[in-house]
Amino acid sequence: MNSSARKLYFTQLLCNWVGADWCSYGAFAITFGLPVLLFGFTFLCNDVSGCPAPSLLHPSTLTLDKLKEEVGWPEGGVRALYDTEVLLWVLSYYLLQLVLYIALPGQVAEGTELACGGRLRYKFNAFPTAVLILSGLAGGTYLYGADFAVWTFLWDNYPQVITSNLIICTTLAIFVYVNSFSVPAPGQPNPELRQLAPGGHSGNVLYDFFIGRELNPRVRLPIPFLDEPSRTIDLKVWNEMRPGLLGWIILNLSNIARQYRTYGYVTDSIVLSTFFQAFYVLDGLYMEPALLTTMDVIMDGFGYMLSFGDLTWVPFMYNFQTRYLAMFPYELGISGIALVLAPTAVGYMIFRGANNQKNRFRTNPDDPRVKDIKYIQTTTGSKLMTSGWWGMARHINYLGDWLMSWSYSLPTGISGFVILRTFNPATGELENQAIQTPESRGAALIFTYFFLIYFGVLLIHRERRDEEKCKRKYGKDWDRYTSLVKSRIVPGIY
């Protein structure tokens, strides 16, 4: 699973454009700007007035007081976005993840060779952890239906849950930044194999805090009866694969429950979007050991960029399509479902086929499925594949990843709706109803298709970043490789 490509690399992109002296400004803008964007999406697309808030369609008549009324801005203002009880419940979810990591058996694997010498050991059991938690949620839903306390809690306290995760990810980023200054200098005893990340110790405090100084920060739990893999938490890998990814799916399920509580039925669109997102996550959790060969683990430090990306950006930005559908129950029909399925199937075939082929080639080149792969032997000792999936394009997995992501946004259709007060003859009362008017139709595309555009741009930047690193690493061998595999992402096009 290439979940690293779904994180935040805007600052590195800015550095490429304007130079290192301006990098800290990009880190500052992202650190404080993206949380504002998350809250903006949450309030401006709402079940109070519509998506987007109607005043946004008429800027000349827009007033702050009117906008606050339309978005359901809390009476307590910004302070109301924080709730201690909500924070404690969110922390209990993290604690549950930690307990299951310790208690459940798991596969133990070694990472790649480190620059300081040696290999780190990792314990993997994210998939059984997710199955156990989801089974518990299924049991609660069976007993209490859509009114199960977890589902109502997440919907009713959504802004406060975002704030809680922001507090957690920021605290974690501060901890690993401060702790990184205890990394042994080269040549000193280093039994824990700690090292700084390439490019993560520029000397600029804000930039290093954002990018991450230490490559693989770890915490050793003071529980003597545990075996070594279970008592050592690799913070980067643990956060990459656990709370945020599963939280993304849990939020989607909460959105389904909200749709059912409001309308009494569940639409094919929200089921389809949730299914594909859940499949992507669970597939990645099942293939968890493959994470050890990604750029996140090998090259990137763990700082605010990955902490925020893992724990806040991914779950709360990526569940937005189903959140929209919880408010506006759009039906796809047979033709709409077919439109969603086609690119998704092609994308998965490319994505999983390419990543499995790379992992097998690196870990067991004698595997019958990869033993006939052609490759270039580099002077560094690495082998660059020139046939199979990787002979079609140098980053063919990115194409599959992007095509799969279409299934998240396509079920929302041409999005946009308004909330109108209509008379219900069955009850004899006025009720709120989500209706798509000609004016609102298409007005919410920025919300429901933001991920699709953002992810495509991010993948192109990620590809350029990978190319630069490979060029530095392999030198003339990379030139020879690119002369054989000419395409970057899309075979024959780009």
Side-chain angles (χ1 to χ4, degrees), residues 29-90 151-170 247 251-252 254-255 257-259 261-263 308 311-313 315-329 412 415-422 430-437 439-440 443-451:
I30 294 169
T31 299
F32 295 99
L34 291 188
V36 173
L37 180 64
L38 281 177
F39 284 114
F41 268 49
T42 299
F43 284 105
L44 296 178
C45 182
N46 60 78
D47 59 354
V48 177
S49 61
C51 183
S55 290
L56 297 179
L57 302 178
H58 304 281
S60 61
T61 61
L62 178 64
T63 64
L64 182 58
D65 289 338
K66 185 176 181 181
L67 186 61
K68 284 183 176 181
E69 180 183 350
E70 290 181 348
V71 304
W73 186 250
E75 292 183 4
V78 174
R79 291 184 180 180
L81 300 179
Y82 169 78
D83 186 285
T84 300
E85 183 178 354
V86 173
L87 174 61
L88 292 175
W89 279 114
V90 173
W151 307 142
T152 56
F153 172 84
L154 289 173
W155 185 272
D156 295 342
N157 301 282
Y158 190 78
Q160 292 77 20
V161 176
I162 294 177
T163 302
S164 298
N165 281 275
L166 280 171
I167 292 171
I168 293 169
C169 74
T170 303
L251 287 170
N252 281 341
S254 171
N255 294 338
R258 168 58 168 72
Q259 187 186 76
R261 287 198 306 273
T262 304
Y263 299 101
F308 173 78
L311 305 180
T312 308
W313 182 258
F316 294 100
M317 182 56 74
Y318 296 177
N319 91 97
F320 203 83
Q321 294 84 10
T322 61
R323 184 171 175 82
Y324 168 86
L325 292 169
M327 298 181 284
F328 182 71
T412 63
S415 53
F417 67 89
V418 294
I419 300 293
L420 299 178
R421 296 282 287 175
T422 59
L430 289 174
E431 298 178 352
N432 289 341
Q433 185 176 4
I435 297 175
Q436 190 169 75
T437 62
E439 183 182 45
S440 64
L445 291 176
I446 185 59
F447 296 103
T448 60
Y449 286 82
F450 172 83
F451 168 76

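All heavy atoms count here, side chains included; hydrogens, waters and symmetry mates do not.
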Of Phe320, Phe41, Tyr324, the one forming a ring pair (Phe, Tyr, Trp, His ring centres under 6.0 Å) with Phe450 is Phe41
Does [X] use its side chain to pair, donor to acceptor, with the backbone of [Y] at less than 3.5 Å?
X: Asn46; Y: Ser49; value: yes
X: Thr170; Y: Ile167; value: no
X: Glu70; Y: Val48; value: no
X: Asp83; Y: Val86; value: yes
X: Gln436; Y: Gly416; value: yes
X: Asn157; Y: Leu154; value: no
X: Thr163; Y: Leu81; value: yes

With heavy-atom distances below 4.5 Å as the criterion, would you say the side chains of [X] and [Y] are in contact?
X: Phe43; Y: Pro159; result: yes
X: Thr84; Y: Trp89; result: no
X: Thr152; Y: Arg261; result: yes
X: Gln433; Y: Ile419; result: no
X: Leu44; Y: Leu67; result: yes
X: Ser254; Y: Tyr158; result: no
X: Lys68; Y: Glu75; result: no

Can you give me the closest heavy-atom contact between [X] and [Y], atom names plus distance?
X: Thr63; Y: Lys66; result: OG1-CB, 3.1 Å
X: Pro315; Y: Leu251; result: O-CD1, 3.4 Å
X: Ala326; Y: Tyr263; result: O-CE1, 3.6 Å
X: Val36; Y: Phe32; result: CG2-O, 3.4 Å
X: Ala443; Y: Leu57; result: CB-CD2, 3.8 Å

Does the side chain of Thr412 pick up a donor-acceptor pair with the side chain of Ser415 at under 3.5 Å?
->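 There is no such pair between these side chains.
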From [X] atom [atom1] to [Y] atom [atom2], the distance as rounded to the nearest 0.5 Å:
X: Trp313; Y: Leu34; atom1: CH2; atom2: CG; result: 5.0 Å
X: Leu166; Y: Leu87; atom1: CG; atom2: CG; result: 11.0 Å
X: Cys51; Y: Ile446; atom1: SG; atom2: CD1; result: 11.0 Å
X: Phe328; Y: Thr262; atom1: CZ; atom2: OG1; result: 13.5 Å
X: Glu69; Y: Ser55; atom1: CD; atom2: OG; result: 8.5 Å
X: Gln321; Y: Asn255; atom1: CD; atom2: CG; result: 10.0 Å

I would like to know whether Thr312 and Asn165 meet side chain to side chain donor-acceptor pair (under 3.5 Å); could you show each step before the answer?
-> CA-CA 6 Å; Thr312 308; Asn165 281 275; 5.2 Å; no
Counting heavy atoms not belonging to Trp73, are there more than 12 under 6.0 Å from its CH2?
->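 Yes, because the 6.0 Å sphere around CH2 of Trp73 holds more than 12 heavy atoms from other groups.
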Arg323 charged N/C atom sitting above Trp155 aromatic ring, 6.0 Å / 45° | yes
Apply side chain to side chain contact (heavy atoms under 4.5 Å, CB included) to the pair Met327 and Phe417, showing each step before the final yes or no.
-> CA-CA 9 Å; Met327 298 181 284; Phe417 67 89; 3.7 Å; yes
